Undergrad: 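Below you'll find the structure I mean.
Keep in mind that the numbers below use all heavy atoms, side chains included, and drop hydrogens, waters and symmetry copies. Predicted model, so just to flag it, every value in this text is computed and none were measured.
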Amino acid sequence: MALLPHFTHPWDVSPAEARALQDRLRAQVQVVPLASPPRFVAGVDVSVQDEVARAAVVLLSFPDLSPVEASTAQVPVSFPYIPGLLAFREGPAVLAALERLRGQPDVLIFDAQGLAHPRRMGLATHLGILLDWPSIGCAKSRLWGDHEEPPPQRGSWVPLWDGDEIIGAVLRTQMGVQPVYVSVGHRVDLETAIDLVLACAPTYRLPEPIRWAHRVAGGETLPVARQQALF
DNA sequence: GCGACAG
DNA sequence: ATCTTGTCGC
C-alpha cells in the first residue's frame, strides 16, 4: 500500500513563499510516542545527478534490519539547494518514490533534519506532516542548534538546543566516530527516535535504512531474492 | 559587512 | 549533493 499525502501545496514557489509555507505547516507537527513497536522501518535518501533528483525508499524488517523492498522515482529538480529549504528541492521526488512503495513502513527515517531546523520544518517533519505518517530525521551534520560534544561511547547523546528548547539529539552511534543529528520528524518522540536510530545502527555510523537508501539512490539495486520475498 | 549553512 | 586519488589508520 503506497504512502500518499493527505494534502499538498505548491512546490514551485519562491524562497520567501517556501518559508511562509513552513511557518503555516509547523502548527501541525505532532510529538507523540509511536503507537506500537515498529515491525518495518524505511530509509529515505535522495541523490541529484544532472538536475534530476532520484529518491530511494528502502523498506526493512525491524529489529532484524533485513531489506525487503525498494522503490525509486526520478524527478527534475526545480528548486536550488538553500539551507533550510531542502524539502522544496527533494520533497517531490521523495513523495513520488513513496507512492511506488508496496509495503508499509511503521516509520520513515530520513537522511535529513526533522525539528532540528530554524522553523522546525526539516524535510523529515515536512513530509511527515503531508503524509500524516511517523517520521524521524537523522542527519550527518548540523543545520541548526547548539550542543556539547557527546561522550565517546556508543549510545551516548547530548541535547541539541535552540535557546531553552531541545530540538534534537547529537547521538554517537559507534565509539570513535562522528555523531549523527537525530530529531523528531512527526508522530514520534525524541526518546523513541534516538532508540530507533541506535537500534538501526548496530555496526556502522549511519542507520542501515539510510545506508540502503543511499546506495539505491546512487543506482545500486537490492538483491532480487530479497525484493520478492514479501510478495 | 561577516560567518553559518541538512543535502 | 557533487567534483575526485591517494592515503592514514585499524
Undergrad: Atom CZ of A:R120 and atom C1' of B:dA6: how far apart are they, to the nearest Å?
TA: 15 Å
Undergrad: To the nearest angstrom, how far is A:Y81 atom OH from B:dC5 atom P?
TA: 10 Å
Undergrad: With a 4.5 Å cut-off on side-chain heavy atoms, are A:T173 and A:C200 touching?
TA: no
Undergrad: Between P on B:dA6 and CD1 on A:I210, what's the gap in Å once rounded to a whole number?
TA: 15 Å
Undergrad: Which part of the nucleic acid does A:H214 contact within heavy-atom distance under 4.0 Å: base, sugar-phosphate only, or nothing?
TA: sugar-phosphate
Undergrad: A:H126 vs A:F88 aromatic rings, parallel, tilted or perpendicular, using cut-offs 30° and 60°?
TA: perpendicular
Undergrad: Residues from residues 145-181 of chain A sitting under 4.0 Å of DNA chain B, heavy atoms only?
TA: none
Undergrad: If you measure from the Lys or Arg side-chain nitrogens to the Asp or Glu carboxylate oxygens, is any gap between A:D132 and A:R187 under 4.0 Å?
TA: yes
Undergrad: Quick check for you: to the nearest 0.5 Å, what is the distance between A:L130 atom CG and A:H9 atom NE2?
TA: 5.0 Å
Undergrad: By the definition side-chain contact (heavy atoms from CB on, under 4.5 Å), identify the one residue from A:P134, A:P38, A:P33 that meets it with A:V188.
TA: A:P134
Undergrad: Out of C:dT2, B:dC5, B:dG7, which has the shortest distance to the side chain of A:R142?
TA: B:dC5
Undergrad: Please find out if less than 6.0 Å separates the ring center of A:H214 from that of A:W212.
TA: no
Undergrad: Do A:Q22 and A:L85 have side chains that get closer than 4.5 Å, going by heavy atoms?
TA: yes
Undergrad: Given C:dA1, B:dC5, C:dT2, which nucleotide is nearest the side-chain atoms of A:Q49?
TA: C:dT2
Undergrad: Could you tell me whether the phosphate oxygens of B:dC5, OP1 or OP2, come under 4.0 Å of any side-chain nitrogen or oxygen in A:S141?
TA: no
Undergrad: State, yes or no, whether a side-chain contact exists between A:L143 and A:P118 at a heavy-atom distance under 4.5 Å.
TA: yes
Undergrad: Looking at A:R120 and A:E165, is any side-chain nitrogen of the basic one under 4.0 Å from a carboxylate oxygen of the acidic one?
TA: yes
Undergrad: Between A:K140 and B:dG7, is there a side-chain N or O to OP1/OP2 distance below 4.0 Å?
TA: yes
Undergrad: Taking CG from A:L143 and P from B:dA4, how many angstroms apart are they, rounded to a whole number?
TA: 14 Å
Undergrad: Where along residues 106-118 of chain A does a heavy atom fall under 4.0 Å from DNA chain B?
TA: A:D111, A:A112, A:Q113, A:H117
Undergrad: Is atom CZ of A:R100 surrounded by more than 12 heavy atoms (other residues, nucleotides or ligands) closer than 6.0 Å?
TA: no
Undergrad: Stem list for DNA chain B, please, built from Watson-Crick and G-U wobble pairs under 3.5 Å and keeping only runs of at least 3.
TA: none
Undergrad: Nearest whole Å is fine: how far is B:dG7 C1' from A:F88 CZ?
TA: 15 Å
Undergrad: When we call it a touch if two heavy atoms are under 4.0 Å apart, what does A:G84 touch: a base, just sugar-phosphate, or nothing?
TA: base
Undergrad: Between A:R39 and A:F62, is NZ or CZ placed under 6.0 angstrom from the six-membered ring centre and within 45° of the ring axis?
TA: no
Undergrad: Do A:L127 and A:L108 have side chains that approach each other closer than 4.5 Å (heavy atoms only, starting at C-beta)?
TA: no
Undergrad: Take atom CD1 of A:I136 and atom P of B:dA6, then tell me their distance rounded to the nearest Å.
TA: 21 Å
